[in-house]
Amino acid sequence: MPAHTSLTERLDAGPVICAEGFLFELERRGYLTAGEFVPEVALEHPEALKSLHVDFQRAGSDIVQAFTYNGHREKMRVIGKEDLLEPLNRSALRIARDVADAEPGNFMAGNISNTNIWDPSDPAKQAEVRGMFEEMVGWAVEEGADLIIGETFYYAGEALAGLEVAKASGLPVVLTLAPMAFEEMADGVGVVETAQQLEQAGADVVGLNCFRGPETIMPWLRQIREKVSCHVGALPIPYRTTTEEPTFFSLSDVRATVPSPHGRTFPTALDPLFTNRYEIGAWAKEAYDLGVNYLGVCCGASPMHIREVAEAVGLTTEASRFSENMRNHFMYGSHGRLAENIAALGARA
């Protein structure tokens with residue numbers, strides 16, 4: 001990547017696409033345990049992680065985000081593998097760096113995220129979280145990251161702590177929030193107010209990711225875009241959340257004949273609740289027209305979703321070579337060799 005082309009310069013010039021969603025996609029591919037959701041794949045199957053990065057890259061992702069989500073010290077303690085913390089992080093960062101370097105102009109991002117131990121009333125826990133962020137950001141800097149992404153924060157205080165640590169690296173910082181169904185941050189701070197505080201504290205991009213699908217992320221996105229002057233980021237989940245069920249934690253599936261054993265569709269029984277690709281494309285165009293230039297899709301995303309986002313905002317990707325072409329479909333097509341009697345079956349199919 002040319003040294004003079006910064007993230008904000010790229011965003012000033014037009015859309016920048018960032019693929020997220022590694023947890024769900026790698027679990028679907030059989031390389032990650034649902035429930036634990038720890039990115040051990042970076043050590044155990046680095047070729048699978050690299051393959052997904054390349055697939056997202058071909059689909060249009062300009063940012064290769066190191067898969068260190070949940071790769072923090074506390075999560076590694078939970079699974080009894082704290083000794084693998086640094087090797088896991090460095091492996092994920094090196095894989096991402098290698099993939100980014102193969103495509104001129106791509107960025108490589110280090111990643112920090114919610115730790116699930118933040119406590120607004122416990123300074124000791126807060127200090128522990130900061131320590132976790134500091135070591136992960138430090139490794140990202142040492143492995144050549146171009147920016148730091150802080151994501152999926154549902155506590156305002158933790159988001160601000162993450163930003164402070166990330167900014168100390170001297171790298172650009174993207175910081176995205178994930179408000180839950182109670183429509184404010186978990187420590188009682190307003191969502192828009194938190195975005196404003198992040199901008200004031202120096203974030204280069206603020207916005208929203210995860211938890212909410214296109215329908216329920218947009219109201220908050222509009223408010224944030226109106227209230228901040230920095231670039232705004234948006235990476236929804238590709239599921240049909242609604243006003244009544246605003247996050248994927250709350251989604252129900254009344255038609256399921258076999259419910260999930262843990263009692264919710266999240267995270268392993270969400271499949272029937274996917275948005276289709278056209279809904280994702282329409283959402284991306286709406287967000288882009290609103291002035292949101294940092295775009296992607298989070299948990300549940302496949303490369304197809306990322307391609308749809310990129311194409312919706314006017315980009316042509318390597319994977320666009322294989323975008324749909326129904327002109328040659330036996331039922332919908334117009335090619336002269338397509339048999340009329342076979343196409344006529346479509347009305348009865």
Side-chain angles (χ1 to χ4, degrees), residues 7-8 10-18 20-21 149-156 159-160 163 173-201 203-251 273 275-301 305-306 308-315:
L7 176 64
T8 52
R10 286 278 293 278
L11 288 164
D12 288 344
V16 172
I17 310 300
C18 180
E20 293 185 352
I149 295 173
E151 55 153 313
T152 325
F153 289 106
Y154 46 88
Y155 278 103
L160 287 160
L163 173 61
V173 180
V174 175
L175 210 300
T176 50
L177 307 171
M180 292 185 174
F182 39 83
E183 305 296 347
E184 62 181 3
M185 304 306 291
D187 37 8
V189 185
V191 177
V192 178
E193 179 186 349
T194 304
Q196 291 175 304
Q197 291 176 2
L198 291 167
E199 179 187 24
Q200 292 161 8
D204 297 275
V205 179
V206 301
L208 304 173
N209 81 298
C210 212
F211 293 8
R212 294 167 180 264
E215 181 178 328
T216 57
I217 203 172
M218 279 305 296
W220 285 118
L221 201 57
R222 291 190 190 97
Q223 293 182 58
I224 291 172
R225 178 63 286 175
E226 182 181 345
K227 296 295 184 180
V228 302
S229 57
C230 64
H231 282 288
V232 172
L235 305 94
I237 55 168
Y239 299 101
R240 288 175 175 155
T241 55
T242 65
T243 302
E244 293 74 26
E245 297 177 337
T247 71
F248 61 3
F249 302 119
S250 57
L251 281 175
L273 306 173
T275 59
N276 65 41
R277 65 185 68 193
Y278 311 107
E279 291 170 307
I280 287 294
W283 168 82
K285 180 65 164 59
E286 182 181 3
Y288 181 57
D289 289 346
L290 188 67
V292 177
N293 277 16
Y294 185 103
L295 295 158
V297 185
C298 202
C299 288
H305 294 106
I306 301 304
E308 204 69 30
V309 169
E311 292 182 347
V313 298
L315 302 174

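Just so it is clear, the structure is predicted and the values come from calculations on it, not from any experiment. Values reported hereafter were calculated over all heavy atoms of this structure, with side chains retained and with hydrogens, waters and symmetry mates removed.
Ring geometry for Tyr239 versus Phe248: interplanar angle of 30 to 60°, hence tilted.
Formation of a donor-acceptor pair under 3.5 Å by the Arg225 side chain with backbone atoms of Leu290 is not found in this model. A distance-only check finds a donor-acceptor pair linking the side chain of Arg212 to the backbone of Met180 [under 3.5 Å]. Not one N or O on the side chain of Asp204 forms a donor-acceptor pair closer than 3.5 Å with the backbone of Val174.
Put simply, CG on Leu175 and OG1 on Thr194 are 10.0 Å apart, with the number rounded to the nearest 0.5 Å. In this structure, CG in Leu235 is found 6.5 Å from OG1 in Thr176, a value given to the nearest 0.5 Å. Distance check: Asp12 CG to Leu7 CG gives 9.5 Å after rounding to the nearest 0.5 Å. Cys298 SG to Glu20 CD: the interatomic distance, rounded to the nearest 0.5 Å, is 4.5 Å. Distance check, rounded to the nearest 0.5 Å: CD of Gln196 to CD of Gln223 gives 10.0 Å. In this structure, OH on Tyr288 lies 7.5 Å from CG on Leu315, to the nearest 0.5 angstrom.
Of the candidates Gln200, Glu193, Glu199, Glu193 is the only one forming a side chain to side chain donor-acceptor pair (under 3.5 Å) with Gln197. Of the residues listed (Val232, Thr8, Leu11), the one engaging Val205 in a side chain to side chain contact (heavy atoms under 4.5 Å, CB included) is Leu11, and it is the only one. When each of Leu198, Val192, Val292 is paired with Ile224, the side chain to side chain contact (heavy atoms under 4.5 Å, CB included) condition holds for Val192 and for no other.
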